[in-house]
Amino acid sequence: MAEETSGVPDQAWARTLPARAAREGIVCGVFAGLIGLYAKRTVTGAERLDALDGPAIFVANHASHADTPVILRSLPGAYRRCTAVAAAADYFYTRRLLAAAVSLAFCTVPLQRQGGGSGADATAHLSRLFADGWSLVLYPEGTRSRDGRVAPLRSGAALMAAQHGVPIVPVHIGGTRTAMPTGQYWMHRPTPSTRHPITVSIGAPIAVGAGDDRVETMEQVRVFMAACGADTTPDPKLERRRAARAGSVGSPA
């Protein structure tokens with residue numbers, strides 16, 4: 001069963017009970033075991049999800065293909081089993097076999113990175129996702145970081161949260177780029193006897209109202225990541241606003 005989303009099929013079958021059961025074994029068994037051979041994972045802030053009553057959008061930085069299995073394994077089981085991952089339609093959904101594989105392994109849903117994916121038909125599957133009680137992992141940088149720096153966070157996550165009445169939960173992942181950088185097909189050990197440290201920090205949920213400024217909302221996410229030690233890049237639009245306000249305050253009456 002697949003639903004068309006602007007020409008890109010949403011693999012809705014990946015959210016059925018049999019697929020969810022298989023994915024639990026893949027994420028918590030296969031990937032957790034393999035990653036554990038090369039890295040030691042530390043999770044903080046998971047207790048902040050106890051206050052949530054319903055789905056959320058987990059907004060995370062992105063520096064490695066290892067990020068997705070690491071995040072899913074780090075979520076409490078009740079959330080992990082009902083969380084999908086937004087995946088670039090132009091990268092993961094260009095080949096049927098690849099689309100099926102990532103859909104089964106990580107419950108991915110297609111998301112357009114470029115123009116043409118903003119219409120109602122392109123996001124209808126996301127509306128159904130949230131309505132069915134599913135959460136979503138979203139990487140607002142749009143692509144993996146090549147240098148470890150967190151690029152400006154696109155505001156689409158804030159718009160989506162406001163449209164569907166779900167909170168944003170900021171997540172910072174540290175160490176995956178060193179363990180498995182872009183261009184590398186799998187992890188390696190720093191030395192034969194040591195493992196890479198990987199950290200997953202979960203922030204407090206951020207409520208997003210229909211009238212809230214999207215750029216300001218994403219700034220809260222950036223501030224959380226910076227507090228976790230990330231090298232972040234403020235949104236240029238926010239920087240221009242602050243400069244304009246400073247100029248207005250400093251100008252003579």
Heavy-atom nearest pair, Ala157 first then Val59, reads CB-CG2, 3.9 Å

Given side-chain contact (heavy atoms from CB on, under 4.5 Å), test Val85 with Phe58 step by step and report yes or no. CA-CA 9 Å; Val85 180; Phe58 297 100; over 6 Å; no

Any side-chain heavy-atom pair of His65 and Gln184 under 4.5 Å: no

(request) Would you indicate whether the side-chain heavy atoms of Cys82 and Trp134 approach each other to under 4.5 Å? (result) yes

task: Mind running side-chain contact (heavy atoms from CB on, under 4.5 Å) on Arg73 and Val200 for me, showing each step along the way?
output: CA-CA 10 Å; Arg73 183 64 184 89; Val200 179; over 6 Å; no

All heavy atoms of Ala105 vs all of Val27, minimum pair found to be O-CG2, 3.5 Å

Exam field: side chain Thr233 to backbone Val150, donor-acceptor pair closer than 3.5 Å
yes

Here the gap from Ile198 atom CD1 to Ser64 atom OG, rounded to the nearest 0.5 Å, amounts to 7.5 Å

**Message:** Using modelled atom types and a 3.5 Å cut-off, is there a donor and acceptor pairing between side-chain atoms of Thr191 and backbone atoms of Thr194?
**Reply:** yes

Using a 4.5 Å cut-off on heavy atoms from C-beta on, say whether the side chain of Ser201 contacts that of Met225. no

message = Donor-acceptor pair, distance only, cut-off 3.5 Å: does the side chain of Arg189 make one with the backbone of Leu37?
response = yes

### Query
Looking only at atom types and distance, does a side-chain atom of Thr176 sit under 3.5 Å from a main-chain N or O of Asp67, one as donor and one as acceptor?
no

Proximity of Phe92 and Phe106 rings by center, below 6.0 Å: no

I would like to know whether Arg15 and Asp10 meet salt bridge (charged side-chain N to carboxylate O under 4.0 Å, His left out); could you show each step before the answer? CA-CA 10 Å; Arg15 299 190 289 277; Asp10 170 33; 2.9 Å; yes

- Query: Does Asp213 use its side chain to pair, donor to acceptor, with the backbone of Val215 at less than 3.5 Å?
  - Reply: yes

| message | I'd like to know if the side chain of His164 reaches the main chain of Ala56, judged simply by a donor and an acceptor atom lying under 3.5 Å from each other, with no hydrogens or angles considered. | response | no

Derivation of the side-chain hydrogen bond (donor to acceptor under 3.5 Å, both in side chains) call for Tyr139 and Thr68: CA-CA 10 Å; Tyr139 299 116; Thr68 293; 2.8 Å; yes

Check: Between the side chain of His125 and the main-chain N/O of Pro110, is any donor-acceptor distance below 3.5 Å?
Finding: yes

_For Arg20, is the CZ atom crowded, meaning more than 12 foreign heavy atoms sit under 6.0 Å from it?_
yes

Practice task
Go through the steps for Glu216 and Arg214 under the test side-chain contact (heavy atoms from CB on, under 4.5 Å), then give the verdict.
Solution key: CA-CA 5 Å; Glu216 295 288 351; Arg214 290 179 288 168; over 6 Å; no

State, yes or no, whether a side-chain contact exists between Trp13 and Leu104 at a heavy-atom distance under 4.5 Å. yes

- Query: Do Thr143 and Tyr91 get their side chains close enough for a donor-acceptor pair, meaning under 3.5 Å?
  - Reply: no

Here the gap from Leu75 atom CG to Ile71 atom CD1, rounded to the nearest 0.5 Å, amounts to 7.5 Å

Do Ser145 and Asn61 come close enough that some side-chain heavy atom pair is under 4.5 Å? no

Looking only at heavy atoms, the pair that brings Met187 and Ala39 closest together is SD-CB, 4.5 Å

Let's go through Arg149 and Asp147 carefully: what are the C-alpha distance in whole Å and the side-chain angles of both, what is the deciding distance for salt bridge (charged side-chain N to carboxylate O under 4.0 Å, His left out) to 0.1 Å, and is it a yes or a no?
CA-CA 6 Å; Arg149 185 178 177 87; Asp147 59 5; over 6 Å; no

Residues Pro234 and Arg222: closest non-hydrogen pair is CA-CD, 3.5 Å

Return yes if some donor-acceptor pair links the side-chain N/O of Arg23 with the main-chain N/O of Arg81 below 3.5 Å, else return no. no

His62 backbone acceptor or donor facing Glu141 side chain under 3.5 Å: yes

Here the pair of heavy atoms bringing Arg80 nearest to Leu72 is CD-O, 2.8 Å

Exercise. Side chains of His188 and His196: does their closest heavy-atom pair fall under 4.5 Å?
Worked result: yes

For Ile202 and Ala46 the tightest heavy-atom approach is CD1-CA, 3.9 Å

field: Minimum side-chain heavy-atom gap Val169-Arg48 below 4.5 Å
entry: no

Same cluster or not: are Val166 and Leu159 linked, directly or through other Ile, Leu, Val, Met, Phe, Trp or Tyr residues, by side-chain heavy atoms under 4.5 angstrom apart? no

Checklist entry - Backbone N or O of Pro152 within a donor-acceptor pair of the Arg154 side chain at under 3.5 Å? => result no

Original post:
How about Leu126 and Leu111: do any of their side-chain heavy atoms sit closer than 4.5 Å?
Top reply: yes

Step by step, work out the side-chain contact (heavy atoms from CB on, under 4.5 Å) result for Asp235 and Glu219.
-> CA-CA 8 Å; Asp235 191 311; Glu219 173 65 3; 5.8 Å; no

If you draw a 6.0 Å radius around CG in Asp50, do more than 12 non-hydrogen atoms from other residues or ligands fall strictly inside?
yes

One should read off an interatomic distance between Leu136 CG and Thr108 OG1, to the nearest 0.5 angstrom, of 10.5 Å

